[in-house]
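Counting starts at 1 for both ligands and their atoms, in listed order.
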Amino acid sequence: MERTEIDGVPVLWAAGPAPLSAALVFGCGARDETFRSIGVTHLVEHLAMGTLPRVHHERNAAVDLELTAFTATGRPEQIVDFLDGVCRALAALPLDRIGKEAGVLAAEGGHCAHPSVEGLLHQRFGAQGPGLAPLVGPGFDRIAPEMVSGHAARFFVAGNAVLILTGPPPQGLRLPLPPGPRAAHPVPVPLPTSGPIWFNGVVPEVGLSLLGRRDAAWRLGMGVLAERMERVARHQHGLSYDVGGDVTLVDADRRLYSITVDAREGQEGAVARLLWAELRRLADEGPTEAELAEECAAARELHDDPRTVEAELLEAAAAELFGLPYTPSAERLAERATVTPEDVSRRLREALDTVQLVVPPEVRVELSGLAEGGCRRSREEPTGRVFRPPLLAKLITRDARGLRLILTDDGVALRDPDGDVHLVRFSEVVGVEEDGAERTVFGRHGCHVPVDPVLFRGAEAVVRAVDAAVPAELRYPRSALTPAD
Ligand SMILES: [Zn+2]
C-alpha cells in the first residue's frame, strides 16, 4: 500500500484490477448526527452529488453508520473530474436546493445498516449515536440550512478525509476541499441494562448483538456462529434462508458484534431459540479445530482475491480517520491462525451478560437466561399532575380507561393501557414535535410521550410546561413529508 498526500488529504493507493476506482472517504456517518439532525449527512451527500454534470462512467455515494464515501470508476481523467467536482461542491453546497432534495430523500428511505442491526443498536444506545440508525427523526424538510452548512464545515473538510485509489494518483489530481481538522467522535455509551435481554423491535428478522473486542478470536467466533446457524436453521430445520453479520465500532478496542437470521413466516420464535442455544453452546464448548480451519481458509481465499484491494484500502482509510491502528490483511491472517477453541469460548462466555436479542413485533419467546427488555418503562406512576382522557373516550374505548398523562417536576410520563409507565425527563429530551396544539416528546432512552389536548383533558397545561422546559432548538413543526403516524 502506497501513501502520498494531495492538498492536505492523505491518499492511500494499491494496484488493483483496471479500471481505476476511487473513493473519497470522510470520517462522518449517521452516528455523528443527533436526533434533531437525523439525515443531515445524507442531505450533504445528495446536495454535493446533485451539482455534478451528467457522466457515463460509474459513480456513487453512500452514508453508513461511520463513514461517507464518494466513489467512481473510470478513466483517470474522469476520476480527476469527479473528485474535483465533489470537493468543489462540498466547499459551496447549494443550500437553496435543500427543499427539493428533502423530498427525494424522504422518497428514497434507505438504511445505513441491516434493519435488524439498526434495531439492536437503538435498543443498546437509545436515541443517540449509533442508536439513531433506525429513526426517521424530525424529517429532511426540518433540517435547516445552517444545520447543513455547520455539519459540512465540521466533517467534510480536508483533515477529515482520506482518498483511496486502486492505482497511482492520475495526472492533475486536485482535492480542493475546505481546510479543517480531523473530527472527534464521542464514544457511544450503552444505556444501563440489568443483564442479557430479548425484546420486540420494529425489525424484519431475528438478530442478536453482544459486546466484544477488536481481535481475531472474536471475528472467528462470530464467523463460526454464522456458519452453524446456516447449517442448523437453514439446512437441518429449513427455517431460514439468510444469515448476516455486522461489526460496529464502539471505541478503539471495543466492538459490537451482531448476527441476523431471517425466518419463514411464523418461525421467528423457533429461529430465536436456535440462535440463543447455538451461541451458548459455542460459548460452553468452543468451536472445533475443523471449524476454525474452515474460517481461516475462507479468509485466505478473500485475501488472495485481487478484487479485495478496495476493501483493504477502505479498512486502512477507516483506521486512519478514527485514529486506530491498521493491521494489514496478511498479519490478520497470521493472527487468525493462532486462535484456539478456548480463546473463542472464553470471549463468548465473558460477553454473554451483554447479549441483546431482537425478534419482530408481536413475537413472544421464552428464552432461559434472557429477561424481557424493551424501552425503559416501569410499573410505578411518578408523582405529579395526572391528566386523563375525556369521559366520552373512556366510555367508548377500553384502552382509554387506563391511559394517563403525568406532568412531574422534571418531565412527562405516559401510563399506557397495559399499565407500563414511560417517563421522559426534560433533561433527557432529544426532540419535541409540534403539530398544532399537540406535542410529542422524544427521550434519549427511546421512549416518547404524546402530549395531546384531544387525548387528555386539560393537557394544554402540559404543552405549556413542555414548551417552557425544552430549548427552542430541539422543537420543530411536524414534517410535511411523513404521513400522519
Ligand atoms: Zn417507553
For this session: Indicate whether the side chain of Ser479 and that of Asp141 have a donor and an acceptor atom separated by less than 3.5 Å.
Result: yes
Exercise. Among side-chain atoms of Glu146 and Ser149, is any donor-acceptor pair under 3.5 angstrom?
Worked result: no
For this session: Say whether, by atom type as modelled, one donor and one acceptor occur between the side chain of Asp32 and the main chain of Gly29 under 3.5 angstrom.
Result: yes
For this session: Please determine, by modelled atom types, if Arg124 and Ser258 share a side-chain donor-acceptor pair under 3.5 angstrom.
Result: no
For this session: Compare every heavy atom of Phe387 with every heavy atom of Ala459, then report the nearest pair and how far apart it is.
Result: N-CD2, 4.0 Å
Seminar exercise, completed: ring-ring contact (aromatic ring centres under 6.0 Å, His included) pairs touching residues 237-282, sequence neighbours excluded, are Trp218-Tyr257
Exercise. Do any protein N, O or S atoms sit under 2.8 Å from the Zn ion (ligand 1), and which ones are they?
Worked result: Cys375 SG, His422 ND1, Cys447 SG
